[in-house]
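Read the numbers this way: they start at 1 and go in the same order the structure lists the ligands and their atoms.
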Amino acid sequence: MSNDELSIDHTAKNEPDLRVRLGPLQLKNPVLTASGTFGYGDEVRDFMDPNVLGAITVKGLTVEPTSGNKTPRIAETPAGMLNSIGLENPGLEKFIEEKIELLGEFSTEVLVNISGHSVEDFIILSERLAPFEEIAGLEVNVSCPNIDKGGMAFGTDPDLVYEITRKVKARYDGPVIVKLSPNVTDIVEMAQAADEGGADILSLINTLLGMAINVQKRETVLGNTMGGLSGPAVKPVALRMVYEVAEAIDLPLIGMGGIMNSEDALEFLLAGASAVSVGTANLIDPAASVNILEGIINYCYEQEIDDINSIIGALKG
Ligand SMILES: Cc1cc2nc3c(=O)[nH]c(=O)nc-3n(C[C@H](O)[C@H](O)[C@H](O)COP(=O)(O)O)c2cc1C
């Protein structure tokens with residue numbers, strides 16, 4: 001699908017250039033999907049064409065197959081949701097056998113999100129995935145709040161963020177994106193650790209740890225007690241963290257957290273993200289990311305912006 005096929009107001013002048021470069025990763029536009037909210041990209045084909053996006057990020061991958069956490073795994077909250085999926089996925093070998101070829105058929109970039117229970121898991125994942133040209137980059141999830149061992153523990157310890165980043169970088173030649181956890185006091189410290197470890201790109205934020213209680217049953221709503229909060233409720237926190245990291249660290253950023261419409265996405269670009277990922281919004285409308293892309297293009301026409309890069313970090317004052 002070209003810009004002509006998207007629903008765009010063409011009354012204005014030049015077609016905006018939407019290409020963004022995030023270090024070694026060149027994208028045709030700055031709108032991506034967030035891991036865990038878009039499957040492997042093929043489940044949504046009845047609703048939208050993933051190929052119009054800048055990239056898709058597929059479900060979190062672990063070395064061993066993972067069946068995920070106890071149900072219920074989802075709870076609605078005001079302006080958001082809690083999830084404790086627990087990285088349910090088929091595991092590394094099955095992913096390679098059954099998914100990689102299909103992912104190679106996309107004409108957009110495919111980012112693979114990797115998670116581990118140990119530093120060794122990240123080493124295995126990056127080594128094994130390194131030869132596959134179907135993969136445009138790895139997103140290293142050091143920030144999942146929903147697994148017992150490891151997960152977020154990695155993302156809240158700067159030494160571990162540094163070590164994992166360095167070890168993945170030593171084994172994987174393509175772009176390495178480190179996905180940061182918001183469940184820390186100082187996000188810049190974590191970003192710095194990933195930068196020192198050799199990260200090419202940072203993505204932020206993952207979900208915020210939360211919980212909900214059913215007062216009738218006097219039980220926690222989630223089978224796993226706690227889960228990750230996402231959706232509009234987290235957007236101000238995510239935006240603040242993107243802004244702080246953009247001010248302090250000289251690495252390209254992928255911003256996410258509560259992006260539901262193009263205005264939300266533009267806020268992240270202005271705060272300093274070079275691209276944005278759409279997460280929870282996909283669960284409400286699988287075409288949300290395409291609508292957001294259209295909205296960004298229309299904004300460019302309205303504001304007579306020829307090149308999307310001119311608004312990245314272009315907050316006034
Ligand atoms: C149902 C669900 C599953 C998720 N699974 C993953 C995952 O496997 N790996 C990961 O790094 N993040 C995962 N996330 C976090 C999202 O990628 C994103 O960082 C977060 O939800 C914030 O964006 P949002 O508010 O737009 O959803 C998941 C989020 C949701 C809601």
Side-chain angles (χ1 to χ4, degrees), residues 31-41 43 55-62 66-69 71-91 95 111-117 121-122 125 137-147 150-152 154-155 164 176-183 187 201-210 222 224 227-239 241-242 253-262 264-265 267-268 273 275-286 288-289 291-292:
V31 180
L32 287 60
T33 56
S35 176
T37 65
F38 202 67
Y40 294 99
E43 298 87 340
I56 60 169
T57 315
V58 299
K59 241 168 140 92
L61 179 66
T62 51
T66 308
S67 53
N69 287 325
T71 57
R73 297 172 176 185
I74 299 275
E76 272 195 53
T77 62
M81 63 178 275
L82 287 165
N83 92 81
S84 59
I85 306 293
L87 290 173
E88 180 178 346
N89 79 93
F95 171 80
L111 304 173
V112 173
N113 178 278
I114 58 169
S115 273
H117 298 281
D121 281 358
F122 286 99
L125 286 156
L138 294 185
E139 182 177 56
V140 185
N141 178 12
V142 290
S143 49
C144 183
N146 297 317
I147 48 176
M152 197 176 68
F154 295 130
I164 292 169
V176 171
I177 305 159
V178 176
K179 183 165 182 180
L180 302 177
S181 170
N183 299 300
I187 190 77
I201 302 163
L202 304 176
S203 62
L204 66 165
I205 61 173
N206 208 316
T207 53
L208 276 152
L209 194 60
L222 295 173
N224 194 46
L229 181 66
S230 64
V234 309
K235 196 190 84 180
V237 177
L239 198 59
M241 289 187 162
V242 164
L253 307 180
I254 301 171
M256 72 192 95
I259 297 177
M260 309 305 280
N261 55 46
S262 57
D264 294 335
E267 285 189 64
F268 278 83
V276 294
S277 281
V278 179
T280 300
N282 294 316
L283 307 179
I284 299 164
D285 174 5
S289 53
N291 297 335
I292 288 168

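The atoms of ligand 1 that sit less than 4.0 Å from any heavy atom of S230 are 21 (O), 25 (O), 27 (O), 31 (C). Shown in contact with G60 at under 4.0 Å from a heavy atom are these atoms of ligand 1, numbered in order with element: 8 (O). For ligand 1 and A34, the ligand atoms under 4.0 Å from any heavy atom of the residue are 17 (O). Contact atoms of ligand 1 toward T207: 20 (C), 21 (O) (distance under 4.0 Å to a heavy atom of the residue). Close approach of ligand 1 to M256 is summarised as follows: ligand atoms under 4.0 Å from at least one heavy atom of the residue are 18 (C), 19 (O).
Looking at V278 next to ligand 1, no N or O pair under 3.5 Å apart turns up. Residue M81 has no N or O atom closer than 3.5 Å to an N or O atom of ligand 1. The N/O atoms of T37, backbone and side chain alike, include none that comes under 3.5 Å of an N/O atom in ligand 1. Residue N113 has at least one N or O atom closer than 3.5 Å to an N or O atom of ligand 1. Taking distance alone, with nitrogen or oxygen atoms compared against 3.5 Å, N83 stays at or beyond that limit from ligand 1. In terms of polar-atom proximity, defined here as any N/O pair under 3.5 Å, V234 makes no such contact with ligand 1. An N or O contact shorter than 3.5 Å is missing between K59 and ligand 1 by distance. Considering both main-chain and side-chain atoms, E139 never comes within under 3.5 Å of ligand 1 through any nitrogen or oxygen pair. Taking only nitrogen or oxygen atoms, main chain and side chain alike, G231 reaches within less than 3.5 Å of ligand 1.
T37 approaches A34 most closely through the heavy-atom pair OG1-O, 2.7 Å. The two atoms that bring F268 and G257 nearest to each other are CZ-O, 3.5 Å, heavy atoms only.
Few gaps surround CD on E43; more than 12 heavy atoms of other groups in view lie less than 6.0 Å from it.
At a cut-off of 3.5 Å, with distance as the only test, no side-chain donor of E139 or S35 sits close to an acceptor on the other residue.
Contact annotation: for K235 versus ligand 1, there are no heavy atoms closer than 4.0 Å. The part of N141 lying near ligand 1 is the side chain, judged by heavy-atom distances below 4.0 Å.
Of the possible polar contacts, none joining the N89 side chain to the L61 backbone as a donor-acceptor pair under 3.5 Å is found. Of the possible donor and acceptor atoms, none in the side chain of N224 sits under 3.5 Å from a partner among the backbone N and O of N69. A donor-acceptor pair under 3.5 Å is formed between the side chain of T33 and the backbone N or O of T57. No donor-acceptor distance shorter than 3.5 angstrom exists from the side chain of T71 to the backbone of R73, with no hydrogens or angles considered. Within the 3.5 Å criterion, the main-chain N or O of N282 finds no donor-acceptor partner in the side chain of D285.
Residue nearest to atom 13 (C) of ligand 1, selected from G257, S35, G255: S35 (by heavy-atom distance). Taking only non-hydrogen atoms, the option from G227, S115, G258 nearest to atom 25 (O) of ligand 1 is G258.
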Please step through side-chain hydrogen bond (donor to acceptor under 3.5 Å, both in side chains) for the pair S230 and T280, ending with a clear verdict.
-> CA-CA 7 Å; S230 64; T280 300; 2.7 Å; yes
Kindly indicate, with the supporting measurements, whether the criterion side-chain hydrogen bond (donor to acceptor under 3.5 Å, both in side chains) is fulfilled by N141 and S115.
-> CA-CA 5 Å; N141 178 12; S115 273; 2.9 Å; yes
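Within the 4.0 Å heavy-atom cutoff, I205 counts among the residues contacting ligand 1.
The existence of a salt bridge linking E267 and K235 is confirmed by a sub-4.0 Å separation between a basic side-chain nitrogen and an acidic carboxylate oxygen.
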